[in-house]
Amino acid sequence: MMTVMMGRLCFAHKTALAPMVRVGTLPMRLLALDYGADIVYCEVRMDIYTHTCHISVHLNTVDFVAPDERVMFRTCSKEKGRVVFQMGTADPERALVVAKLVENDVAAVDVNMGCPKEYSTKGGMGSALLSDPEKIEAILSTLVNGISKPVTCKIRILSTLEDTVNLVKRIEKTGVAAIAVHGRMKEERPRHPVHCDYIQAVAESVSIPVIANGGSSDIVKTFEDIEKFRAAAGASSVMLARAAMWNPSIFRQQGALSVEEVMEDYIRYVISLLCMSVFCMSVLCSEVFGMTDFYNKTKAELEARKAALQTNGDQ
Ligand code: FNR
């Protein structure tokens, strides 16, 4: 039992990159980890698009590819053990199919219960789940019992403190490993102040780690502010979205880098991740950004690894 538990991702006392559509791509997640984030969430992926994916293993990435050939989720060994796959779902059985598909390549599976956009809510997903606790319980229990990795969820707060606390107590009983709380109601927009008092009340009412979210711009502008937000919300962990989108080096203890330096690091990841699969895009990037030497070196290293793998495979 001990050995099984030791390998599981623990969500206490962590700093995480939040799930962000179109932002939380693999290069962004790797950058966040390099700069100091402990955990990175992928952008939300709808179960209807991911449950029919096939897995395509490359030299440096593992791709989950939809029947129409779109890559729905791309990961690599460097983030294994620290990447959380977030899904949008309103269907316990389909959620389980997706979770089983990804479970060997991710550290945990998260269910989105906060997205207020119509494309989520009209299918009963995202923040629509907040008014359907039975459905929440069915999805989370099915996942907790059906996969070997930790299951978490990310919620928004409800309109009263009492309702919010009652909901998280029900969620805790499903056996989830942690709960991320975006301290805004589903009607509220990012310009509205984050309700740290709600997050604090949640943290005091459950014994699993609570991950405070919603502090970018109000509270978190520098690395030091992460600790201030954690304290103000009385939470174990903190999750950052916009502050990290503006500059992912906010996770750096030594201080943020310039946007130009971050961009260069980002392009390096794009080149090295694509150079064995999306050849022309990678060459183009390296030429445009003056990184042809880096491209040639990375490509040579990967070719050598490929040759070594083939030789070992032949024996
Ligand atoms: C988001 N957010 C979000 N939330 C989620 O659960 N899944 C997602 O895929 C996304 N996508 C997304 C994209 C972009 C561009 C932004 C800015 C936000 C919400 C996000 O994770 C977070 O809850 C809020 O932004 C509040 O946290 P911050 O920004 O105050 O740290």
Side-chain angles (χ1 to χ4, degrees), residues 11 14-26 28-29 32 37 39-50 72-74 83-90 95 98 102 106 108-121 123 125-130 136 139-140 151-157 164 171 176 178-196 198-199 202 210-223 225-230 232-233 235 237-251 256:
F11 287 85
K14 298 289 190 301
T15 307
L17 174 72
M20 276 184 281
V21 170
R22 284 187 291 277
V23 176
T25 55
L26 180 55
M28 181 67 161
R29 301 198 301 267
I39 299 174
V40 288
Y41 284 65
C42 76
E43 52 188 319
V44 65
R45 286 302 180 216
M46 301 302 169
D47 61 354
I48 37 167
Y49 300 123
T50 35
M72 301 307 297
F73 174 55
R74 170 170 284 156
V83 63
V84 180
F85 179 89
Q86 190 193 58
M87 73 166 95
T89 185
V98 176
V102 299
V106 301
V109 169
D110 181 80
V111 178
N112 179 317
M113 300 185 180
C115 181
K117 302 264 164 62
E118 205 194 325
Y119 63 75
S120 280
T121 54
M125 298 179 285
S127 61
L129 282 171
L130 296 174
I136 291 180
I139 294 171
L140 294 177
V151 175
T152 61
C153 66
K154 176 167 175 279
I155 65 163
R156 278 178 181 248
I157 56 173
T164 310
I171 289 176
V176 290
I179 178 163
V181 182
H182 177 185
R184 289 190 182 83
M185 293 159 205
K186 63 181 194 297
E187 302 79 17
E188 291 183 310
R189 302 279 68 89
R191 64 176 184 280
H192 293 113
V194 59
H195 300 271
C196 286
Y198 275 62
I199 307 177
V202 167
V210 167
I211 308 165
N213 173 243
S216 295
S217 89
D218 278 13
I219 301 170
V220 184
K221 293 183 182 72
T222 65
F223 176 82
D225 297 336
I226 298 175
E227 213 41 56
K228 282 186 203 151
F229 182 41
R230 194 193 311 269
S237 296
V238 167
M239 170 189 273
L240 297 181
R242 288 164 299 156
M245 174 176 75
W246 294 322
N247 188 336
S249 67
I250 187 146
F251 293 111

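Please read all numbers here as calculations on a predicted model, not as lab measurements. Start at 1 and go down the list; that is how both ligands and their atoms are numbered.
For A16, the side-chain contact (heavy atoms from CB on, under 4.5 Å) partners two or more places apart in sequence, or in a different chain, are I39, Y41, M239. With sequence neighbours excluded, the residues forming a ring pair (Phe, Tyr, Trp, His ring centres under 6.0 Å) with Y198 are H195, listed by chain and number.
The shortest contact between atom 23 (O) of ligand 1 and any protein heavy atom is with N213 OD1, 2.6 Å. For atom 16 (C) of ligand 1, the nearest non-hydrogen atom of the protein is M20 CG, 3.8 Å. Closest to atom 10 (C) of ligand 1 among all protein heavy atoms lies P19 O, 3.1 Å. Scanning the protein heavy atoms around atom 25 (O) of ligand 1, the nearest turns out to be A241 CB, 3.4 Å.
By the 3.5 Å distance cut-off applied to N or O atoms, S216 is counted among the residues near ligand 1. Polar contact with ligand 1: absent for V23 (N/O pair, distance under 3.5 Å). At a 3.5 angstrom cut-off on N or O pairs, M245 does not count as close to ligand 1. Ligand 1 has an N or O atom lying under 3.5 Å from an N or O atom of V21, backbone or side chain.
Nearest residue to atom 26 (C) of ligand 1 from M239, R156, H182 is H182 (criterion: closest heavy atom).
For G214, the closest heavy-atom approach to ligand 1 falls below 4.0 Å. Between G215 and ligand 1 there is a heavy-atom distance shorter than 4.0 Å.
C115 has its side chain out of reach of M125: every pair of non-hydrogen atoms, C-beta onward, lies at least 4.5 Å apart.
Residue N112 approaches ligand 1 through these ligand atoms, each under 4.0 Å from one of its heavy atoms: 5 (C), 6 (O), 7 (N). Listed by atom number, the atoms of ligand 1 under 4.0 Å from R242 heavy atoms are 17 (C), 25 (O), 28 (P), 29 (O), 30 (O), 31 (O). The atoms of ligand 1 that sit less than 4.0 Å from any heavy atom of L240 are 31 (O). Heavy-atom proximity to K154, at under 4.0 Å, picks out these atoms of ligand 1: 4 (N), 5 (C), 6 (O), 19 (C), 20 (C), 21 (O), 22 (C), 23 (O). Using a 4.0 Å cut-off to heavy atoms of A18, the atoms of ligand 1 that qualify are 21 (O).
Between the side chain of D110 and the backbone N or O of V84, no donor-acceptor pair lies under 3.5 Å.
The environment of CZ in R189 is crowded: more than 12 heavy-atom neighbours from other residues, nucleotides or ligands sit within 6.0 Å. In the displayed structure, E187 atom CD is contacted under 6.0 Å by more than 12 heavy atoms of other residues, nucleotides or ligands.
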Item to check | Verdict with reasoning, K186 to E188, per salt bridge (charged side-chain N to carboxylate O under 4.0 Å, His left out) | outcome: CA-CA 5 Å; K186 63 181 194 297; E188 291 183 310; over 6 Å; no
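Note that CD1 of I211 and CD1 of I199 are 11.0 Å apart. Values are rounded to the nearest 0.5 Å. In this structure, the separation between CZ on R22 and CD on E43 is 8.0 Å, given to the nearest 0.5 Å. Atom CG of L26 is separated from atom CZ of R29 by 5.0 Å, given to the nearest 0.5 angstrom.
In Q86, the part holding a heavy atom less than 4.0 Å from any atom of ligand 1 is the side chain.
Of all heavy-atom pairs spanning W246 and S217, the tightest one is CH2-CB, 3.9 Å.
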